[in-house]
Amino acid sequence: MGGKRYSGSPEDADLARADSLAREIFSDVANKWALLIIEFLGERTLRFSELRNEVEGISHKMLTQNLRMLERNGLVERTVHPTVPPRVEYTLTEAGQALRGTIDGMCAWTHQYIGHIDESRRRFDG
């Protein structure tokens with residue numbers, strides 16, 4: 001089983017790896033649930049049940065999958081407290097907080113251009 005050999009410079013390989021990783025992360029976090037989870041965790045540390053109550057409409061399974069993905073990508077930290085039953089809390093990491101700033105910028109952009117977007121959609125759909 002042979003692999004594809006990269007013939008460019010090490011710098012080009014690093015850039016290609018960074019681009020690939022960026023696409024992978026964007027694909028992971030660019031869903032409505034991940035964005036909402038990041039938004040709510042930006043306010044405070046939450047337990048699973050508290051987060052599920054905040055993120056309206058999310059299923060137990062979908063919340064679990066998204067929290068695991070966010071934890072894997074280093075955006076959310078999961079803390080298990082040794083109590084009976086165990087208390088599990090979730091909070092944003094420094095990287096997660098930084099991403100939240102980007103998400104807040106996207107929300108501000110949406111608010112600024114909502115009229116323009118609505119009008120464009122009416123013209124397109126009409």
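Everything numeric in this text was worked out from a predicted model, so none of it was measured.
Both L46 and V80 are part of a single hydrophobic cluster, where members link through side-chain heavy atoms under 4.5 Å apart.
Sorted pairs that involve residues 102-118 and meet side-chain hydrogen bond (donor to acceptor under 3.5 Å, both in side chains), not counting sequence neighbours, are lacking altogether. Within the structure, side-chain hydrogen bond (donor to acceptor under 3.5 Å, both in side chains) pairs that include any residue of residues 35-49 comprise E39-R100, E43-R100, R44-E54, T45-T91 (at least two apart or interchain).
Between T93 and Q97 the shortest side-chain heavy-atom distance does not fall below 4.5 Å. Looking at L67 and F48, their side chains come closer than 4.5 Å, going by heavy atoms from C-beta outward. For the pair I37/L41, a side-chain contact is recorded, criterion being any heavy-atom separation below 4.5 Å from C-beta on. N66 places a side-chain heavy atom less than 4.5 Å from the side chain of W33.
The hydrophobic cluster containing F124, built from Ile/Leu/Val/Met/Phe/Trp/Tyr side-chain heavy atoms closer than 4.5 Å, comprises no other residue.
For R123, the side-chain hydrogen bond (donor to acceptor under 3.5 Å, both in side chains) partners are S120, not counting sequence neighbours. Shown here are the side-chain hydrogen bond (donor to acceptor under 3.5 Å, both in side chains) partners of Q65, two or more places apart in sequence or in another chain: there are none.
Taken to the nearest 0.5 Å, the CD1 atom of I117 stands 12.0 Å off from the CD atom of E119. Note that CG of L92 is 12.5 Å distant from CZ of F40, once rounded to the nearest 0.5 Å.
Between E89 and R87 there is a salt bridge, since at least one side-chain N of the basic residue sits less than 4.0 Å from a carboxylate O of the acidic one.
A donor-acceptor pair is defined here as one N or O able to donate and one able to accept, closer than 3.5 Å; no such pair exists between the side chain of S20 and the backbone of A16.
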Donor-acceptor contacts under 3.5 Å from residues 68-76 side chains, at least two apart:
{"unit_1": "N73", "atom_1": "ND2", "unit_2": "D28", "atom_2": "OD2", "d": "2.9"}
{"unit_1": "N73", "atom_1": "ND2", "unit_2": "M69", "atom_2": "O", "d": "3.2"}

